[in-house]
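Written below as structure tokens is the structure these notes are about.
All values below were derived from every heavy atom in this structure, side-chain atoms included, with hydrogens, water molecules and symmetry-related copies excluded. A, B, ... follow the sequence lines: proteins, then strands. Residue 1 opens every chain. Note that the structure is predicted; figures quoted are calculated from it, not measured.
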Amino acid sequence: MPVDVDATVLSNTRLSSDYNVLGLAAPAIAAAAEPGQFVMVKPGLGDHPLLRRPFSVFEVIEDDAGRVTGLSLLNKRIGVTTRTLFGLEPGARVRCLGPLGRPFSPAAPPERAWMVAGGVGLAPFHTLAVALRARGVESTLFYGARSAAELFHLDAFRRLGVRLQLATDDGSRGDHGLVAAPLERALRGLGPAAPLRLYACGPTPMMRAVTDLAHAHGRRTEVSLEQVMGCGLGGCYSCVVPVRRNGGRPRFVRSCLDGPVFDGRTVVWDGLGAG
Amino acid sequence: MPVDVDATVLSNTRLSSDYNVLGLAAPAIAAAAEPGQFVMVKPGLGDHPLLRRPFSVFEVIEDDAGRVTGLSLLNKRIGVTTRTLFGLEPGARVRCLGPLGRPFSPAAPPERAWMVAGGVGLAPFHTLAVALRARGVESTLFYGARSAAELFHLDAFRRLGVRLQLATDDGSRGDHGLVAAPLERALRGLGPAAPLRLYACGPTPMMRAVTDLAHAHGRRTEVSLEQVMGCGLGGCYSCVVPVRRNGGRPRFVRSCLDGPVFDGRTVVWDGLGAG
Amino acid sequence: MSVDLSVDIGGGLTLANPFIAASGCFGYGVEYADVVDLSTLGAVAVKGLFLDEREGHPPERIVETPSGMLNAIGLQGIGVRRFVAEKLPPLRERGAVVMVNICGSTIDEYAEVARILDDAEGVAAIELNISCPNIRKGGMMFGCSLAGTRDVVAAVRKVTRLPLVPKLTPNVTDVAAFAAAARDAGADAVSLVNTFLAMAIDVETRRPRLSNVMGGLSGPAIRPIAVRMVHECRRAVSIPLIGMGGIMNADDALEFLIAGATAVQVGTANFVDPFIWGKLTAGLTGYLERHGMAAVTEVVGSLDLSTRDAGPTPEAACS
Amino acid sequence: MSVDLSVDIGGGLTLANPFIAASGCFGYGVEYADVVDLSTLGAVAVKGLFLDEREGHPPERIVETPSGMLNAIGLQGIGVRRFVAEKLPPLRERGAVVMVNICGSTIDEYAEVARILDDAEGVAAIELNISCPNIRKGGMMFGCSLAGTRDVVAAVRKVTRLPLVPKLTPNVTDVAAFAAAARDAGADAVSLVNTFLAMAIDVETRRPRLSNVMGGLSGPAIRPIAVRMVHECRRAVSIPLIGMGGIMNADDALEFLIAGATAVQVGTANFVDPFIWGKLTAGLTGYLERHGMAAVTEVVGSLDLSTRDAGPTPEAACS
Ligand SMILES: Cc1cc2nc3c(=O)[nH]c(=O)nc-3n(C[C@H](O)[C@H](O)[C@H](O)COP(=O)(O)OP(=O)(O)OC[C@H]3O[C@@H](n4cnc5c(N)ncnc54)[C@H](O)[C@@H]3O)c2cc1C
Ligand SMILES: Cc1cc2nc3c(=O)[nH]c(=O)nc-3n(C[C@H](O)[C@H](O)[C@H](O)COP(=O)(O)OP(=O)(O)OC[C@H]3O[C@@H](n4cnc5c(N)ncnc54)[C@H](O)[C@@H]3O)c2cc1C
Ligand SMILES: Cc1cc2nc3c(=O)[nH]c(=O)nc-3n(C[C@H](O)[C@H](O)[C@H](O)COP(=O)(O)O)c2cc1C
Ligand SMILES: Cc1cc2nc3c(=O)[nH]c(=O)nc-3n(C[C@H](O)[C@H](O)[C@H](O)COP(=O)(O)O)c2cc1C
Ligand code: FES
Ligand code: FES
């Protein structure tokens, strides 16, 4: 039962010239959201831009008494809405509809959990890490970004007991290059029998590479896809992903209902579109 | 030579729930503007709403050293742009194109000047009062509004040596009813030979009534009309006013170039449109 | 609520209020059952159905444009038989008034789809999507040819007693002629407008933004054109009109009602605000009360042209 | 600037850059002489002229709509003779490249206006406004009939050697057919689009917002439809196209150029920002440099359909 909240901006923390974390007073959504779910967001009250935009729930915000007071978004500036979200001051309003979509299926011991994030693909993993810790699952975050300055919230993940494996495009921190490299080492290091769950979120080529790599090691990956979405509720059929299940032919399924989390091996990556 | 200034909001003084005075850092326009001229304004940088809106230059703002630093607008909330202008905070940006249009022709002694304002029609008269004072012209402001609470800037006019004749719809100050009443008394009191210039700005029926009243006493009126304007520069032919000159047939003339100030007797009031 | 919002949209069908979810913008209705009580809508027009399943176009399927959006979904759908088996029962259960939007590549397909729906339980009306491709006629659309419109409406009319509502495309020179053709062929009402054929280009890659190159423009951008078309049709035919195109709130809906639409559909706005339906009925009720009207029918076609020129002057288009 | 912005728009006319002020949105050009150096524009299309003076429609003449505006000016104008006497000399003096937009109620009037311009000094091209009322033909517009288009273009072609550019209306089913008809009748280029016939209603008074009831929609709202129409015409004819409709910046202009327009006109945006012209040339120059192109002609028609379906699929309009 998604709800629509005319949420007040609680905080806006700029992380870099392109990234920020926006706190929104939408406790009803925050309390109901499961890791991997998303919200459809629209700043202000006007009609410009027209459509809402999808965002992962980044953090659930609690007050000192442990009451849920809101949620935050990890936002990366790439266009009109993300630019507005970057600039908002506390007190501004953001319409926020959610929670939406199918969540990750969290691991349970003895499984260990590996999360693979590229850039803003970090967004769904904070709530997942909280859930994994609650379940006593040992977890690692493989996290790639352009440079050390764009590796965010490392301490927060450490505090949640998450091990970190970093990579940067410019080599300023962790592995020089793609995050697939440390992942591959780790997969090789882990015996094939060790129970493992893999999650990935980031640029499409990265999720595809992670899926293939995992597959080569006999592992599945849950990928969180970022299709363009018109409604988030199954109404428009804009967000489709070509999925091949049980050996059948590819079918377009709605990412907002059937996803955004998919079994990476079922995704027909070539048909995903430019987005 | 109009210029376009991306002006910073210097101040926003709310006068009531609908009126405010917005200070804009547009010194080049302020220094060049003559009484009765206007600016074409658009808040923000986006395309919503699409078109600029016309506003009289209300005050020329000077710093302590007497240097012109900007201009102000007297704004009344009636729609999308005026609502935005009401809410702007200092530091916001407003695109401001001007000065535009034909100004009032200011009186010179021994003429006396009577300004007749209804509501937001006060806007062009502050700069006119300044000019009249500089020329040593004795001036009176006939000023009507809905209630005493909507009679603004009276002290400012008094400081400029302007005599005030007030009227309110609810009788809370001055004459009870239309501003035409004190004007009529004054016209009757003034000998027909006394040199006088009359200026009017306000709702169309009021300007029409003032024109007719003045005409009945053998006087002309310069009226400042508020036609809807698409461009302010003569490009679109949206702002036309039907004008009959020299006994000819009515012709549509562009208010942004030929006006907004017209000789009231030449205006064909029935053809002015709903605006 | 002391005002009567009910409207008669022809063919014996009365809706509790004039607000209909537009086809393709509300899935099969069931997707929204968690968000709105479907029985509170005037009707639900479900996504366009062919006889068989269709996959539609690959992504990107939508792109936002100034005050609008383009879509090229390509009529992905489960086909009419699965719809009847899987979607109609839950819709019935929830008390939804269901208009089924139907498509066909041939006249026979249209008729076959209609026949199946005529036999089904819980279909309130058929909306005939005649801006669909006519493969038989070499790609010409039924909806862009008067003869094609007449033929397909007449063929479907023969196989069903359900209220029949052809949906007109705006991509024509004279939409009122199409309304008249549809009426002549037996339509109970017409709905208009479908989307405007349009296109957007990514200037950095120099590729179309939609995989299908072109798509349909909807949203507030098109509203003034859609209102004009409703006005033109109102002057040409007297069957009920269902107006749509860029309705975002009750005032926008009122423009269509005043221009002569008996009911309206809301598409794109439902994406922006799925809770819009209660706001629409509240806004309309408030308006009617404020204007001292006891029923929405009083506002339908109430356009006051007394102070204006009587008719449409094509001149305006080149002023 | 190392890139070549010049474009050949047919009939022997080369413009220094592809940016033209759209007719009706730039007065007679002279109004803007204080604001922009007229000689820096590719050309100036002046307000539509009939043979005689016209008063146009009473106010309200414009109304803003979502991302657009409606206008029903009614072609107020000074008539072609006064234009030649009063406006052409100052335009010549300022080095403006003048396209004269001409109108007529009859074919003879079009021809007469063109003849007068053919004799005048300082006219670079004639833009034939064929979405004007055809009083002889009972209100049908020339621009909405293929035969009417052919007849008027041919008649004007006979009386002038000036580059002849019919301006197409978008209010038709198949704009490309009109481009072809214009070409067959001797047009050197076509410009498109004029405004979309549209309407807005004040719901409080229930009156049309425009005194003329209907008006023409322009501005960003229409851009995706206009780009589609340019694309369709590009596939149908090979004469130069002058594209327009909602261009607000260089990127918008590039959509039209990539779709196949050799030059573009800018109308509504000039109202919003009369200083837009320098920004357009700077933006285009920057784009070409960034993309390693030496001339704007490289970008014209450069739409990449390789990864897309080859053609326009009318299906999109009802998806
Ligand atoms: C389930 C889901 C969760 C998401 N979570 C987050 C998140 O937590 N934080 C975050 O910053 N972003 C997230 N995104 C992506 C986010 O929705 C887009 O960045 C956003 O829609 C862009 O909006 P805009 O108005 O700023 O850009 P626009 O102005 O709409 O577009 C700018 C450019 O980006 C392209 N674009 C638009 N959307 C996407 C997209 N989804 N993928 C790739 N390119 C796109 C457009 O084609 C255009 O070229 C998520 C997307 C999905 C589907
Ligand atoms: C030369 C000139 C000087 C002006 N000076 C001032 C000034 O100093 N202060 C001030 O507050 N206003 C002034 N106005 C009026 C001002 O331009 C309008 O109030 C403004 O354009 C409304 O914009 P909006 O976006 O808020 O309203 P919109 O949302 O555009 O319109 C809201 C409603 O108001 C109506 N409307 C729009 N413009 C006008 C108008 N000009 N007259 C009557 N109704 C209108 C519309 O039809 C609509 O129904 C002036 C107008 C002119 C022509
Ligand atoms: C994503 C999308 C899908 C659509 N699918 C259909 C459809 O299947 N059948 C149909 O007749 N119209 C379809 N339409 C058109 C709408 O029903 C409606 O006519 C149009 O969008 C204009 O209304 P709006 O501006 O309120 O959206 C679709 C529109 C959109 C935006
Ligand atoms: C106020 C106004 C007046 C116009 N007058 C004319 C005209 O006289 N002749 C003509 O061919 N087009 C006229 N047009 C149409 C424009 O030239 C142009 O085709 C249209 O506005 C689309 O471009 P735009 O979106 O950049 O404004 C007019 C448009 C507007 C807005
Ligand atoms: S976003 Fe509309 S169906 Fe998925
Ligand atoms: S406002 Fe455009 S001509 Fe006056």
Side-chain angles (χ1 to χ4, degrees), chain B residues 1-6 32 40-42 44-54 79-81 95-100 204 225-243 248-258 267-275, chain D residues 21-22 24-36 46-48 53-78 202 205 207-211 215 218-221 246 248-249 252 267-276:
Chain B
M1 286 273 280
V3 294
D4 191 17
V5 179
D6 180 16
M40 292 294 287
V41 158
K42 192 168 154 70
L45 292 170
D47 288 337
H48 310 285
L50 187 60
L51 299 172
R52 296 184 187 233
R53 301 288 192 274
V80 49
T81 296
R95 282 152 72 188
C96 187
L97 173 73
L100 301 168
T204 303
L225 299 181
E226 295 201 349
Q227 294 302 90
V228 170
M229 289 184 174
C231 71
L233 285 169
C236 71
Y237 281 78
S238 67
C239 60
V240 293
V241 171
V243 161
R249 64 183 178 80
R251 314 299 290 260
F252 283 126
V253 304
R254 285 168 288 183
S255 187
C256 63
L257 293 183
D258 258 343
V267 174
V268 182
W269 295 94
D270 281 332
L272 265 188
Chain D
C25 302
F26 207 67
Y28 295 113
V30 288
E31 290 89 339
Y32 283 83
D34 273 359
V35 172
V36 281
V46 297
K47 176 134 196 71
E53 296 190 33
R54 279 171 68 97
E55 280 305 313
H57 301 307
E60 307 297 318
R61 289 180 165 190
I62 63 166
V63 58
E64 184 160 340
T65 64
S67 297
M69 64 178 284
L70 301 186
N71 88 79
I73 307 299
L75 286 159
Q76 176 172 353
I78 59 175
D202 182 328
T205 64
R207 297 209 196 109
R209 288 192 178 269
L210 296 173
S211 75
S218 63
M248 301 299 287
N249 53 48
D252 297 345
T268 303
N270 175 65
F271 301 154
V272 180
D273 181 4
F275 295 93
I276 194 173

Identify the heavy atoms of [X] and [Y] that sit nearest to each other, and give their distance.
{"X": "Phe271(D)", "Y": "Cys236(B)", "value": "CZ-CB, 3.3 Å"}
{"X": "Pro59(D)", "Y": "Gln227(B)", "value": "CG-NE2, 3.9 Å"}
{"X": "Glu60(D)", "Y": "Leu272(B)", "value": "OE2-O, 4.4 Å"}
{"X": "Val272(D)", "Y": "Arg52(B)", "value": "O-NE, 2.6 Å"}
{"X": "Leu50(B)", "Y": "Met69(D)", "value": "CD2-N, 4.4 Å"}
{"X": "Met1(B)", "Y": "Asp34(D)", "value": "SD-O, 3.1 Å"}

Tell me, side chain or backbone of [X] under 4.5 Å from chain B's heavy atoms, or both, or neither?
{"X": "Val35(D)", "result": "side chain"}
{"X": "Asp273(D)", "result": "both"}
{"X": "Phe26(D)", "result": "backbone"}

Is [X] close to chain D through its backbone or its side chain, or both, or neither, when contacts mean heavy atoms under 4.5 Å?
{"X": "Asp4(B)", "result": "both"}
{"X": "Pro242(B)", "result": "neither"}
{"X": "Met229(B)", "result": "backbone"}
{"X": "Arg251(B)", "result": "both"}

So do the side chains of Leu97(B) and Pro274(D) get within less than 4.5 Å of each other, counting heavy atoms only? yes
Less than 4.5 Å apart, any side-chain heavy atom of Cys231(B) and any of Asn270(D)? no
Gap between atom CZ of Arg249(B) and atom CD of Glu55(D) - 0.5 Å precision: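 One gets 5.0 Å once the value is rounded to the nearest 0.5 Å.
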Does Phe252(B) offer a backbone N or O that forms a donor-acceptor pair with the side chain of Gln76(D) under 3.5 Å? yes
For chain D, which candidate among Leu233(B), Val3(B), Leu257(B) shows the most heavy-atom pairs at distances under 4.5 Å? Leu233(B)
Arg53(B): partners by side chain to side chain contact (heavy atoms under 4.5 Å, CB included), with sequence neighbours left out: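 Here the qualifying residues are Pro49(B), Leu51(B), Phe55(B), Val80(B), Thr81(B), Glu64(D).
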